[in-house]
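Let me begin by presenting the structure, written as structure tokens, before commenting on it.
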Amino acid sequence: MNPVLELREGSLACEGVSLDTIAEAVGTPAYVYSSSAIRGQFERLDRALSGIPHRIHYSLKANANAAILRLVRSLGGGADVVSGGELYRALQGGFAPEDVVFGGVGKSARELAEAVEAGVRLINVESEAELRLLDGLACERKRKVPVGLRLNPEITVDSPHAYIRTGGKGHKFGIPWDEGLSAARLAASLPWLELAGLDMHVGSQLAELDAYERGLERVLGLLEAIRGEGISSVRYLDIGGGLAVPYEDEAPPDLRAYGRIVRDATRRTGLELLVEPGRFLVADAGSLLTRVLYRKRSGGREIAVTDAGMTELLRPSHYQAYHHIEPVRPRQRVTVRIDVVGPVCESGDFLALDREMPDIEAGDLLVVRTAGAYGYSMASNYNARPRAAEVLVDGDRYAVTTEREEYADLIRLERHALEWRTT
Ligand code: LLP
């Protein structure tokens with residue numbers, strides 16, 4: 001494992017740069033990303049898939065920072081996008097359209113048309129209605145479009161929170177299992193579509209790899225049925241994202257076992273494998289820097305109020321997710337049980353509750369670990385809080401990749417002189 005943060009001269013450092021230095025220079029809150037950690041994860045995954053025809057499509061929803069996109073692209077990765085906005089970001093980030101896979105449960109006609117016009121590698125479709133809509137849009141543009149069917153394999157998986165399970169019966173995602181074959185027939189029969197792939201995504205932060213095995217078994221069964229009907233155009237097997245990262249003391253996923261599962265599936269079918277990792281590539285690489293503003297006691301509880309909260313990292317309050325928090329300068333400190341809470345006017349605004357950790361005081365700089373995925377990408381302006389800066393570290397240098405928002409950004413889209421319209 002690549003230790004993302006190391007103690008150097010009394011302060012935690014990301015690669016060769018002290019977090020203190022970054023906080024002094026760019027202020028807090030700030031997200032700090034290690035390029036070597038992202039590189040390391042990409043290479044680890046690529047190695048686990050060696051010998052298998054595969055493409056790694058980074059899931060932008062985890063973190064669409066342009067510098068990270070450039071890094072992933074330089075490593076040979078593609079992009080997985082779920083909206084017109086993410087498609088725009090991927091293309092702006094330099095991905096060629098054929099390196100983009102477009103998915104999502106509720107793509108609008110406009111978004112589908114944009115994907116058709118761009119000429120993405122694959123559009124993963126989630127219903128028969130969407131297939132028909134896409135066929136019409138492709139016809140208008142005289143473009144034959146490669147589609148994948150996002151199937152709901154309807155298996156129950158073990159992931160830490162109900163909100164990040166996706167492949168169970170009755171979930172909004174994907175084509176319900178018993179409609180898979182008829183959707184395949186429809187896709188194969190529509191003149192402007194080519195049935196090019198089968199796709200599943202069984203969940204995120206998957207605790208057990210057997211979810212892939214069980215999902216694949218079902219999808220490959222369907223592939224057999226599809227081929228049995230003489231439909232032979234399927235060439236991609238897209239198994240989505242979902243690889244877990246350790247947030248606390250969980251074991252990391254066994255990539256060799258993952259490789260074995262997918263190797264077996266691709267060998268049996270002759271398909272090219274597409275994977276859509278998000279969290280796995282960037283979570284551990286990212287740290288959130290925050291300053292303690294106040295310390296207080298209330299009703300017998302110890303409380304530290306920090307300058308970051310749910311607006312910077314929604315995961316603790318939204319999923320009761322654990323993120324390790326520690327002082328950037330670890331002195332001799334007594335251990336306390338403490339609530340680390342944000343400045344937002346919500347009781348649900350916290351980074352950790354009742355956490356046993358070294359005592360902290362006002363002015364301390366803290367680092368919240370494993371914040372590279374679903375941190376900035378889920379950030380909000382609630383309480384009119386400008387979004388924080390993002391910083392990329394590479395060896396002993398660092399660069400601001402996204403400036404901290406200014407107050408003026410908060411009202412940039414508002415009209416002051418209203419143009420009233422009447423019907
Ligand atoms: N592909 C599809 C179709 C997805 O729905 C997702 C994630 C991914 C790939 C990437 O999954 P990953 O490799 O990152 O697990 N905000 C939540 C996670 C939501 C994941 C949604 N879909 C969190 O902070 O835990």
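First listed ligand is number 1; within each ligand, the first listed atom is number 1. Side-chain atoms are counted along with the backbone in the values below, which use heavy atoms only and exclude waters and symmetry mates.
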ask   = With a 3.5 Å cut-off and no angle check, do the side chains of Y382 and D349 form a donor-acceptor pair?
value = no
task = Apply side chain to side chain contact (heavy atoms under 4.5 Å, CB included) to L133 and list each qualifying residue two or more places apart in sequence or on a separate chain.
result = A109, L112, L137
ask   = Considering residues at least two apart in sequence or located in another chain, which fulfil the side chain to side chain contact (heavy atoms under 4.5 Å, CB included) criterion with H323?
value = Y247, L313, R315, P316, A321, V368, T370
request  = Could you pull out all residues at least two apart from Y258 that satisfy ring pair (Phe, Tyr, Trp, His ring centres under 6.0 Å)?
outcome  = Y212
request  = Could you tell me the separation between the CG atom of L223 and the CG atom of L181, rounded to the nearest 0.5 Å?
outcome  = 11.0 Å
key: Short side-chain to backbone donor-acceptor contact, E208 and V157, under 3.5 Å   = no
Check ligand 1 for close polar pairs with the protein: N or O on both sides, less than 3.5 Å.
from     : atom 1 : to   : atom 2 : distance (Å)
ligand 1 : 1 (N)  : E276 : OE1    : 2.6
ligand 1 : 13 (O) : G242 : N      : 2.9
ligand 1 : 13 (O) : G278 : N      : 2.9
ligand 1 : 14 (O) : R279 : N      : 2.8
ligand 1 : 14 (O) : Y374 : OH     : 2.6
ligand 1 : 15 (O) : S204 : OG     : 2.4
ligand 1 : 15 (O) : G242 : N      : 3.3
ligand 1 : 16 (N) : Y319 : OH     : 2.7
ligand 1 : 24 (O) : R315 : NE     : 2.6
ligand 1 : 25 (O) : R279 : NH1    : 3.2
ligand 1 : 25 (O) : R279 : NH2    : 2.9
ligand 1 : 25 (O) : R315 : NE     : 3.3
ligand 1 : 25 (O) : R315 : NH2    : 2.9

